[in-house]
Colleague: 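Quick one: this structure, given as structure tokens, is what I'll be asking you about.
Only a predicted model underlies this, so the values are computations on that prediction, with no experimental measurement involved. All residue numbers refer to positions in the sequence shown, counting from 1.
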Amino acid sequence: MATASAAAGPHAAAPAAGLLALDAHCLHSLALYLTGQDLAALGATCRCLRDATEPLWIALCEREFPDTSPSEWLRAVSTSPLGNAALLGVPTPRCHRELFPELLRHSQLLGLWSGAGAGPRGSLFRFSFAPAGVRADRIAPSRSFRRRPPCRRAFELGPAAARMTFSVIDGPGPGAASAIVREHRDPRRRASSAAAEAAAAVAAGGRHSSPSAAPLGSSPPSSFGYELLQFMAGAVAPARSRARSRQSGGGGGGGSGGAPPPLLHHFARVPVPVPTRQHPLAGVWTGLYGPHGLEVLSVAYDFTGSAAVIRGTKLVGDPNVPAGEASWVFSAAPLAEPYGGEDAEFVSRRGWYATMAAVSLAHAAQRLGDEEEEGEEGEGEGGSGAAAAAAAAGGQQQHAGGEGAAGADQQQQQQQQQQQQQAQQQARRLEALRPAEKRVVACHAGRGRVAGEAFSNPQWVDARLFVYDDGTIGALWTDDYGFLIDYDRMAT
């Protein structure tokens, strides 16, 4: 036997080496080349590989979703009320292998969406990853004169918000989609009657002797007494209520109060044009539209007509030109240099147009600040009448005590401080709205839209599109209007 083995040794086949023979470092290196679908197929091969792929899922989640924290998602799942999630059919992942499909599903929401039924201003939302979910922020929810669009948090989706569910529906066109976010509310609490309390007390082993006894309705929610009273309130219902329920097609009267229908929030995906070397101006831009404040535009190249054009469509509009309408259209081909005639005059007077626009914005911002201050003062006067009366009484007492002069000096100092603060705020507004020195490197001819209130009598007027040396753009409405709007690119 030893001689036969020695003879066959050089030609004997090497022992089979498969994936199970690899160490953790080799498996981790292989995972860098696998997709989620490949890793799921690998884990479905056998139990050993399924257990061995959990570290690979951790690496895959961190690689594919660097803007969020998968460990925070799992921590939020462990601390969230699982009962609510189970009732609503919300997946509750317990490991990274189960978490990856949820991260992939939530990633469908990333980007810009427009809300339904928001009026002429429109409602623009940006969905982005948070540490343990997807956060929805509304962009420019109210009139603002800041060049950077303000954002207000609307809601968050994920394991920490189990009562918020969503579904994404693909549209007919490429990139078109709609989303429905459901905000589930707590079940309605049934109004308990004396008969229901008596029945609940008897069922609980007690005796409902008098109305002065402690009612079960005072029990905290989710307790036995609370649930028992809710059941009896449905079971011991008046005959008229039961007849009404049968007529409306409802079931029996048993069970606790039914949950009200969820609040539905409808969204439509906003396609974001991607800038390229051939189409450098494509993207989402923000500009200050005079007294209307900051607005958001989607700038895209349109090749459907006889000549290519650059079209700016409002995502956040105003009462004159609402959201969804085009603000301007320019030829994609720039004018030839040197500019002649009126084009040379428009370019040379760009600084004057920018200064006039800044002055107009400063006046509009001042009016908005005055309106907000008047509103705050009105709320203070209406909501603190007792405090004002007490202060007046205290002032009378101080005056009677000989301290009237000191109170008057203190009030004068407060007025001076308020005036200084207002002057500083005004100076900051002017500094923020001060036009920057920019050089025009390209000019496009086209048309700009103007309209009356509620988009009445819309018209197209002559306009020019300026491309500046810093990569930003500006639109000049010419003719009798002569106002300039500079735009900054917005991160999406």
Colleague: As an exercise, state the distance from CD1 of I139 to SG of C151, rounded to the nearest 0.5 Å.
Modeller: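 It comes to 5.0 Å.
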Colleague: With E62, which residues qualify under salt bridge (Lys or Arg N to Asp or Glu O under 4.0 Å), at least two apart?
Modeller: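 So E62 forms no salt bridge (Lys or Arg N to Asp or Glu O under 4.0 Å) with any residue.
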Colleague: Can you tell me which residue pairs pass the salt bridge (Lys or Arg N to Asp or Glu O under 4.0 Å) test with a partner in residues 107-120, sequence neighbours excluded?
Modeller: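 Matches after skipping sequence neighbours: none remain.
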Colleague: Counting N and O atoms only, with roles assigned by atom type, does the side chain of R489 sit under 3.5 Å from a partner on the main chain of A282, one being a donor and the other an acceptor?
Modeller: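 Yes; judged by distance alone, with no hydrogens or angles, the pair exists.
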Colleague: Please round to the nearest 0.5 Å and tell me the distance separating atom CH2 of W285 and atom CG of D486.
Modeller: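 The distance works out to 10.5 Å.
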Colleague: Less than 4.5 Å apart, any side-chain heavy atom of V299 and any of R311?
Modeller: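 Not touching, per the 4.5 Å side-chain cut-off.
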Colleague: What are the two closest heavy atoms between F330 and L465, and how far apart are they?
Modeller: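 Taking F330 first and L465 second, the nearest heavy atoms are CE2-N, 3.4 Å.
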Colleague: In a table with atom names and distances, give each donor-acceptor pair under 3.5 Å that connects a side chain of residues 262-271 to protein atoms at least two apart or in another chain.
Modeller:
residue	atom	partner	partner atom	Å
H265	NE2	E183	OE1	3.1
R269	NH1	L110	O	3.2
R269	NH2	Q108	O	2.3

Colleague: Identify, with sequence neighbours excluded, every residue that meets side-chain hydrogen bond (donor to acceptor under 3.5 Å, both in side chains) alongside T313.
Modeller: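 So T313 forms no side-chain hydrogen bond (donor to acceptor under 3.5 Å, both in side chains) with any residue.
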Colleague: Among all residues two or more places apart in sequence or in another chain, which pass the side-chain hydrogen bond (donor to acceptor under 3.5 Å, both in side chains) test with S71?
Modeller: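 Residues passing side-chain hydrogen bond (donor to acceptor under 3.5 Å, both in side chains) with S71: S69.
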Colleague: Report yes or no: does S360 contribute a side-chain atom to a donor-acceptor pair with the main-chain N or O of A357 at less than 3.5 Å?
Modeller: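 Judged by distance alone, no pair lies under 3.5 Å.
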Colleague: Applying salt bridge (Lys or Arg N to Asp or Glu O under 4.0 Å), name anything that partners R152, two or more places apart in sequence or on another chain.
Modeller: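 With neighbours one apart ignored, the set is empty.
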Colleague: Do H106 and F129 have ring centres separated by under 6.0 Å?
Modeller: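 No, the ring centres sit 6.0 Å or more apart.
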Colleague: Under the salt bridge (Lys or Arg N to Asp or Glu O under 4.0 Å) test, which residues partner E54, sequence neighbours left out?
Modeller: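 Result, salt bridge (Lys or Arg N to Asp or Glu O under 4.0 Å) vs E54: none returned.
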Colleague: Check whether any side-chain N or O of S78 sits under 3.5 Å from a backbone N or O of R75 as a donor-acceptor pair, and report yes or no.
Modeller: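 Looks like yes, one N/O pair under 3.5 Å.
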Colleague: Not counting sequence neighbours, which residues clear side-chain hydrogen bond (donor to acceptor under 3.5 Å, both in side chains) with S327? List them please.
Modeller: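 Listed in chain order: Y289.
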Colleague: Between side-chain atoms of residues 30-44 and protein atoms elsewhere (two or more places apart, or another chain), which donor-acceptor pairs fall under 3.5 Å?
Modeller:
residue	atom	partner	partner atom	Å
T35	OG1	D38	N	3.4
T35	OG1	D38	OD2	3.1

Colleague: Name all residues meeting the salt bridge (Lys or Arg N to Asp or Glu O under 4.0 Å) criterion together with R138; count only those two or more places apart in sequence or in a different chain, and write none if there are none.
Modeller: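 Partners of R138 by the salt bridge (Lys or Arg N to Asp or Glu O under 4.0 Å) criterion come out as none, since no residue qualifies.
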Colleague: What residue pairs, at least two apart or across chains, pass side-chain hydrogen bond (donor to acceptor under 3.5 Å, both in side chains) with a residue in residues 167-176?
Modeller: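 For residues 167-176: S167-R182.
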Colleague: Among pairs that include at least one residue of residues 111-136, which meet salt bridge (Lys or Arg N to Asp or Glu O under 4.0 Å), considering only residues two or more places apart or in two chains?
Modeller: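 Those involving residues 111-136 are R135-D137.
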Colleague: Is any side-chain heavy atom of W57 less than 4.5 Å from a side-chain heavy atom of L99?
Modeller: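 W57 does not reach L99 side chain to side chain.
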Colleague: Could you go step by step and tell me if H279 and F303 meet the ring-ring contact (aromatic ring centres under 6.0 Å, His included) rule?
Modeller: CA-CA 12 Å; H279 313 134; F303 300 94; 5.4 Å; yes
